[in-house]
*Asks:* 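Here it is: the structure, laid out below.
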Amino acid sequence: METIEVRDLRKTYGDTHAVDGVTFTVHSGETFGIVGHNGAGKTTTVECLIGLKRPDAGTVRVLGEDPAQRRRALAQRIGAQLQDSSLPERLKVAEALRLFGRFYREPAGWREVMARWGLESLAGKAFGDLSGGQRQRLMLALALVGDPEVVVLDELTTGLDPVARRETWRLVNDLKAAGTTVVLVSHYFDEMEALCDRVAVFARGRVVAMGSPGEIIARTGTASLEEAYFALEGAGR
Amino acid sequence: MKAFTALTNTELRLLLRDPASMFFMTAFPLMLLVLKRGDSGAVPGYLAMIAAIGGMGALPGVIASYRERKVLKRLAVTPVTPVMLLGAQLVAQILAGLGGSVLLVGVSITLFDGEPPGNVLLLAAAYLLCAVMVCALGFVIAALVRNARGANLVGMLVMFPMIFLSGAAVPRKALPDSLRQIGDFLPLTPAVEALGHGWAGTAAVFPFMILAGIIVAGTATAAALFRWE
């Protein structure tokens, strides 16, 4: 059984085919990237993986289960960081981590997670008083407090400064080393190139290329994933 | 259950951190009592007012901001359902209002030598129904008004006239006839009556049944209209 299997996924909003027949699999322990510019169908695909959206057609299986039917059961095993979600303004960092820890049957220790993500100095700070980068780091930590088997990170490093970005990369590599399956969604090509074992390149709701970043770069005869993307994106028009 | 307790704890803590809620649910009714020279006859109405300030004045804005700021969405991808957060908010409002109420009754009895309630159990039951009822109305407002600012404003616009016309803040006897007639149709009026009966220790079934009816209708309406995003 593959950790994630998506076959011919389709999702339409009105006349727009947000996702138009997407197929990919993610192996256990792999770091898999979904890359493409805004509106390519990345977030819709991810929301189908975590059960927030119901596909119009196609099948989605995560850890062998259908997220649309079994969202809550799967939520015990999947950690998710969503694009621009937030917490109550007056909730403090330590309180948020402790609260989320209570949601799971077998959580990671929230104090450990707080320490590992460098949030200890912010423990008593309210969510509303955090900077953009600090919020992002807290939301990432909350995705991991349930000690998940699969982690889905949408817009991992948006809003982080270069130092915090590199630090986050290091932490994602720690997750990889621990055997966690990671799905990264981003439009930062350097990040995907550095972190992902394999990537699916999305354009206009479809997968236009899939493979390791090195393979995709070689296949397109370009020098970087970003150049490869523009070559593929242009060819698809 | 562990998750729900933790959520309720958190919601209560956040409520206690909100200076406006705290002022209007504790200090404000005490100030009114002092202005009334400790007249314990006003206390049951003030209890309804405390509940209404929480359920209609504060709750709609909180819930709408949770939706607007995607707090509900974040919770939807944990093993907890967003419904649990709404339930936790309800329980926190009831507990906070209960705290304010016990404080008010305590001050009335100890400092002003006021009469104690005639039937504590009946009074507690009346308070519970009243608190759940105003929260049900608060959920309806949060379902009808999409943005946080608007929900907060509409909550205030509904709550303020209601506490004045239902007999919660001022006795209905003091109102002109036409205004008193409006009060006959407001959901907070039977709540004030039920609390009055509990306070006096006289049993009355009718206002309790009306409150129960409003709770059922309000909850059904809110459940049908509420949008998670």
Side-chain angles (χ1 to χ4, degrees), chain A residues 43 46-53 62 67 70-92 94-107 110 124 126-129 135 138-140 142-148 150-154, chain B residues 1-23 25 58-93 96 142 147-149 151-152 227-229:
Chain A
T43 293
V46 160
E47 291 189 336
C48 290
L49 289 183
I50 54 184
L52 280 178
K53 293 226 161 76
V62 179
R70 306 262 300 151
R71 180 170 87 189
R72 285 185 68 199
L74 274 173
Q76 285 285 355
R77 305 168 69 189
I78 307 176
Q81 182 230 340
L82 306 176
Q83 238 183 86
D84 53 59
S85 67
S86 66
L87 297 172
E89 293 278 321
R90 290 194 173 88
L91 188 65
K92 293 173 181 169
E95 289 172 346
L97 285 159
R98 191 177 51 201
L99 174 69
F100 274 63
R102 295 277 163 83
F103 296 164
Y104 298 89
R105 275 196 295 269
E106 292 168 43
W110 66 268
F127 184 80
D129 296 333
R135 285 182 189 204
L138 174 60
M139 297 314 269
L140 270 162
L142 290 177
L144 299 172
V145 83
D147 198 16
V150 179
V151 181
V152 178
L153 306 170
D154 195 355
Chain B
M1 202 58 212
K2 185 181 67 165
F4 185 72
T5 312
L7 269 174
T8 306
N9 255 324
T10 302
E11 285 300 307
L12 190 59
R13 207 179 298 193
L14 294 175
L15 200 56
L16 299 181
R17 252 172 228 164
D18 175 26
S21 284
M22 274 304 91
F23 173 76
M25 291 174 91
L59 182 140
V62 172
I63 297 299
S65 85
Y66 283 179
R67 177 178 50 207
E68 186 172 285
R69 299 179 55 249
K70 300 195 182 177
V71 176
L72 296 178
K73 188 175 180 181
R74 180 62 188 83
L75 231 54
V77 294
T78 68
V80 166
T81 59
V83 176
M84 250 195 235
L85 184 69
L86 304 191
Q89 173 66 212
L90 170 76
V91 176
Q93 286 289 352
N147 68 60
R149 241 172 232 275
N152 203 23
R227 292 289 167 267
W228 295 105
E229 281 188 54

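In what follows, every chain begins at residue 1, and chains take the letters A, B, ... in the order their sequences are listed.
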*Asks:* Determine, step by step, whether A/Phe100 and B/Val80 satisfy the side chain to side chain contact (heavy atoms under 4.5 Å, CB included) criterion, reporting the C-alpha distance in whole Å, the side-chain angles of both residues, the deciding distance to 0.1 Å, and the verdict.
*Replies:* CA-CA 9 Å; A/Phe100 274 63; B/Val80 166; over 6 Å; no
*Asks:* At a heavy-atom separation under 4.5 Å, does A/Arg71 approach chain B through its side chain, its backbone, both, or neither?
*Replies:* side chain
*Asks:* Enter the distance from A/Glu95:CD to B/Thr10:OG1 here, rounded to the nearest 0.5 Å.
*Replies:*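 Reported value, rounded in 0.5 Å steps: 6.5 Å.
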*Asks:* Nearest 0.5 Å, what's the CZ-CE distance between A/Phe103 and B/Met84?
*Replies:*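 The CZ atom of A/Phe103 sits 8.5 Å away from the CE atom of B/Met84.
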*Asks:* So which of A/Leu91, A/Ile50, A/Leu99 has the biggest tally of heavy-atom pairs under 4.5 Å with chain B?
*Replies:*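 The answer is A/Leu99.
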*Asks:* In terms of heavy-atom proximity below 4.5 Å to chain A, should B/Leu7 be classed as side chain, backbone, both, or neither?
*Replies:*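 Contact with chain A involves both backbone and side-chain atoms of B/Leu7.
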*Asks:* For A/Leu52, is it the side chain, the backbone, both, or neither that has a heavy atom closer than 4.5 Å to a heavy atom of chain B?
*Replies:* side chain
*Asks:* For the side chain of B/Arg17 and the backbone of A/Arg90, is there at least one donor-acceptor N/O pair under 3.5 Å apart?
*Replies:*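 Checked: pair present.
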*Asks:* Could you tell me the separation between the CD atom of A/Gln83 and the NZ atom of B/Lys70, rounded to the nearest 0.5 Å?
*Replies:* 7.5 Å
*Asks:* Measure the CG-CG distance between A/Leu87 and B/Leu14 for me, rounded to the nearest 0.5 Å.
*Replies:* 10.0 Å
*Asks:* Taking 4.0 angstrom as the limit, do A/Glu47 and B/Lys73 come out as a salt bridge?
*Replies:*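 Looking at B/Lys73 together with A/Glu47, the answer is yes, because their closest N to O distance falls below 4.0 Å.
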*Asks:* Which of the residues A/Gly79, A/Pro67, A/Pro88 is involved in the greatest number of heavy-atom pairs with chain B at under 4.5 angstrom?
*Replies:*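 The residue among A/Gly79, A/Pro67, A/Pro88 with the greatest pair count is A/Pro88.
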*Asks:* Do you know which of B/Arg69, B/Lys2, B/Glu11, B/Arg13 has the most heavy-atom pairs under 4.5 Å to chain A?
*Replies:*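 Max contact count across the listed options: B/Arg69.
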*Asks:* Please name the pair of heavy atoms, one in A/Ala75 and one in B/Pro79, separated by the smallest distance, quoted to 0.1 Å.
*Replies:* CB-N, 3.5 Å
*Asks:* What part of A/Arg98 lies closer than 4.5 angstrom to a heavy atom of chain B: side chain, backbone, both or neither?
*Replies:*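 Contact with chain B is through the side chain of A/Arg98 alone.
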*Asks:* Please classify the contact between A/Leu142 and chain B as side chain, backbone, both or neither, with a heavy-atom cut-off of under 4.5 Å.
*Replies:* both
*Asks:* Looking at A/Ser86, A/Gly146, A/Gly51, which one has more heavy-atom pairs under 4.5 Å with chain B than the rest?
*Replies:*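 Of A/Ser86, A/Gly146, A/Gly51, A/Ser86 has the most heavy-atom pairs under 4.5 Å with chain B.
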*Asks:* Can you tell me if B/Arg74 uses its side chain to pair, donor with acceptor, with the backbone of A/Ala80 under 3.5 Å?
*Replies:*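 Yes; judged by distance alone, with no hydrogens or angles, the pair exists.
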*Asks:* Would you mind checking which part of B/Asn9 comes under 4.5 Å of any heavy atom in chain A, side chain (CB onward), backbone (N, CA, C, O), both or neither?
*Replies:* neither
*Asks:* Quick check for you: to the nearest 0.5 Å, what is the distance between A/Tyr104 atom OH and B/Thr78 atom OG1?
*Replies:* 5.5 Å
*Asks:* Count the heavy-atom pairs under 4.5 Å between each of B/Thr81, B/Leu72, B/Val62, B/Thr5 and chain A, then report the option with the highest count.
*Replies:*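 With the most close heavy-atom pairs to chain A, the winner is B/Thr81.
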